[in-house]
Amino acid sequence: MTTIEANIAPEFEPDDSLVDMSNQIRRVIQSSNRIVAFTGAGISAESGIPTYRGAGGVWTKYDPSKYASIEYFNRDPSYYWQFFKDVRHDLIADANPNLAHQALSKLEHDGRLRAIITQNIDGLHQNAGSKRVLELHGNTRRFYCMDCKAKYSLDEAWDMVMNELPPLCKNCHGIIRPDVVLFGEMLPYKTVEEAEFEASNCDLMLVIGSSLVVYPAAYLPETALMNGAKVVIINVDPTPLDAKATMCFHVEAGNLLAQTVWS
Ligand code: NAD
Ligand code: ZN
């Protein structure tokens, strides 16, 4: 895992086919004052973390309706922890931020981006140096005891699953769970409130790598539009909001954002 300095330009190959698109995005950024980003799984695809939807977006061996559901977790917490041991830990621990995460970090560093609202649980925005990251669905690098709420890190969880599944709290023997919002759970109230404030008050929202079909998160770009903000979508596949967006680019986000920010 690498943490990256926001002010160091990464190496990338400028791509002629992206010049026009990056110019358009740069112009809209330059003419806006209150910019926020809304990101989804697609922004981390170039870091090697599979998305749920879009090409290559399936984790076949484990069923998300089981490892990502609170009802199933309560019934059989070992299923989540087996998935963590076999798949999730290495995916998360080995992933590094890509050009898209770095470009957003640079925009914040330069005082151009107020916040990133993310559906992602991988922590890669923070590893790219971003400071104000509103995590709607939690973070899969953090864990806590369901009984006494003691906190555990990714490394601690990894050590514990070597001994027992599910891992049990060192203080009270409660079951340890990931600090993520599982299907069937409420989103963190304060974070949602802050995200709604940012979505309602921005004049530009950059929507990156989200299919915009997971609610309630997908209301936020709609909120931005309803409040008169410009919305720029960068997503490989079409989204339900494309027709209403100010601009829409169906390409991978990494090079396009790097070229927008560093060319
Ligand atoms: P999604 O999986 O529904 O959609 C991802 C979208 O990203 C697709 O429409 C695809 O076309 C696009 N995409 C793929 N590669 C891209 C790239 N390089 N550049 C730009 N776009 C790209 O994602 P979602 O809308 O975030 O909803 C999925 C839910 O699953 C979220 O709630 C999220 O919490 C969770 N999830 C998170 C992660 C993560 O943290 N990295 C990964 C998978 C799923
Ligand atoms: Zn405990």
Side-chain angles (χ1 to χ4, degrees), residues 1-49 51 54-56 95-120 122-134 198 202-212 221 224-225 229-239 241-242 244-263:
M1 191 267 288
T2 313
T3 304
I4 290 171
E5 290 298 324
N7 49 354
I8 298 173
E11 282 184 20
F12 68 96
E13 280 292 319
D15 176 343
D16 286 347
S17 70
L18 300 177
V19 169
D20 188 44
M21 297 182 219
S22 58
N23 284 343
Q24 288 182 56
I25 301 172
R26 198 177 310 109
R27 271 198 296 274
V28 74
I29 287 175
Q30 281 166 354
S31 64
S32 303
N33 296 312
R34 299 182 308 282
I35 308 171
V36 301
F38 176 89
T39 66
I43 197 169
S44 296
E46 292 168 67
S47 295
I49 301 180
T51 58
N96 289 314
N98 63 52
L99 292 171
H101 299 104
Q102 293 175 63
L104 293 184
S105 174
K106 162 83 171 151
L107 284 175
E108 184 190 46
H109 183 263
D110 292 350
R112 305 294 297 132
L113 187 73
R114 288 160 67 120
I116 297 171
I117 303 167
T118 190
Q119 299 172 87
N120 293 346
D122 55 35
L124 291 182
H125 285 302
Q126 292 90 330
N127 289 353
S130 289
K131 302 282 183 257
R132 184 133 191 269
V133 183
L134 304 175
E198 294 299 342
C202 65
D203 61 358
L204 170 62
M205 182 179 273
L206 304 171
V207 177
I208 304 157
S210 176
S211 58
L212 298 181
L225 272 175
K230 298 190 179 82
V231 168
V232 173
I233 296 178
I234 304 172
N235 200 64
V236 169
D237 293 296
T239 84
L241 218 61
D242 287 1
K244 291 188 188 159
T246 316
M247 293 173 199
C248 184
F249 303 102
H250 293 149
V251 295
E252 294 192 336
N255 267 317
L256 177 57
L257 282 172
Q259 206 150 317
T260 301
V261 168
W262 281 288
S263 287

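Start at 1 with the first residue, then count along the sequence.
- S47 and P97 get closest at one heavy-atom pair: OG-C, 3.8 Å.
- Under the side-chain hydrogen bond (donor to acceptor under 3.5 Å, both in side chains) rule, H250 has a single partner from D242, T239, D237, which is D242.
- With R132 contributing its side chain and I116 its backbone, the two residues share no donor-acceptor pair below 3.5 Å.
- N120 places no side-chain N or O within donor-acceptor distance of the main-chain N or O of D122, the cut-off being under 3.5 Å.
- In this structure, the side chains of V231 and F38 stay at 4.5 Å or more apart for every pair of heavy atoms.
- Salt bridge absent: K131 and E108 never bring a charged side-chain N and a carboxylate O closer than 4.0 Å.
- Atom-to-atom distance recorded for E46:CD and N96:CG is 13.5 Å, nearest 0.5 angstrom.
- Applying the side chain to side chain contact (heavy atoms under 4.5 Å, CB included) test to A103 and every residue at least two apart in sequence or in another chain returns L257, V261, W262.
- Here the side chains of L256 and F249 are in contact, with some heavy-atom distance below 4.5 Å.
- When side chains are defined from C-beta on, R114 does not count as touching I35, because their heavy atoms never get closer than 4.5 Å.
- Q259 places a side-chain N or O within 3.5 Å of a backbone atom of D15 that can act as its donor or acceptor partner.
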Please determine whether side-chain contact (heavy atoms from CB on, under 4.5 Å) holds for the pair V236 and E252, giving the CA-CA distance in whole Å, both sets of side-chain angles, and the decisive distance to 0.1 Å.
CA-CA 6 Å; V236 169; E252 294 192 336; 3.9 Å; yes
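- Going from atom OG1 of T246 over to atom CG of L204 covers 7.5 Å, rounded to the nearest 0.5 Å.
- The CG atom of L18 sits 9.5 Å away from the CZ atom of F12 when rounded to the nearest 0.5 Å.
- When side chains are defined from C-beta on, L104 counts as touching L107, because their heavy atoms get closer than 4.5 Å.
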Run the numbers on S44 and H101 for side chain to side chain donor-acceptor pair (under 3.5 Å), then give the verdict.
CA-CA 8 Å; S44 296; H101 299 104; 3.3 Å; yes
Test log, rule side-chain contact (heavy atoms from CB on, under 4.5 Å), inputs I234 and V207
CA-CA 6 Å; I234 304 172; V207 177; over 6 Å; no
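- With sequence neighbours excluded, the residues that form a side chain to side chain contact (heavy atoms under 4.5 Å, CB included) with A229 are C202, A224.
- Going from atom CG of L113 over to atom OG of S32 covers 11.5 Å, rounded to the nearest 0.5 Å.
- Interatomic distance, L99 CG to K106 NZ, rounded to the nearest 0.5 Å: 14.0 Å.
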Criterion side-chain contact (heavy atoms from CB on, under 4.5 Å) on M247 and I233, from CA distance to verdict:
CA-CA 6 Å; M247 293 173 199; I233 296 178; over 6 Å; no
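- A donor-acceptor contact shorter than 3.5 Å links the side chain of N98 to the backbone of A100.
- Checked by atom type and distance alone, the side chain of S31 pairs as donor or acceptor with a backbone atom of R27 at under 3.5 Å.
- Remark: N235 engages no residue in a side-chain hydrogen bond (donor to acceptor under 3.5 Å, both in side chains) (not counting sequence neighbours).
- Annotation: side chain of I49 is in contact with side chain of L124 (closest heavy-atom distance under 4.5 Å).
- Here R26 pairs with S22, N23, Q30, T260, S263 under the side chain to side chain contact (heavy atoms under 4.5 Å, CB included) rule; sequence neighbours left out.
- Annotation: side chain of E198 is in contact with side chain of I117 (closest heavy-atom distance under 4.5 Å).
- When the side-chain hydrogen bond (donor to acceptor under 3.5 Å, both in side chains) test is applied to D203, no partner is found at least two apart in sequence or on another chain.
- Listed by first and then second residue, the side-chain hydrogen bond (donor to acceptor under 3.5 Å, both in side chains) pairs that reach into residues 33-43 are T39-T118, T39-H125, sequence neighbours excluded.
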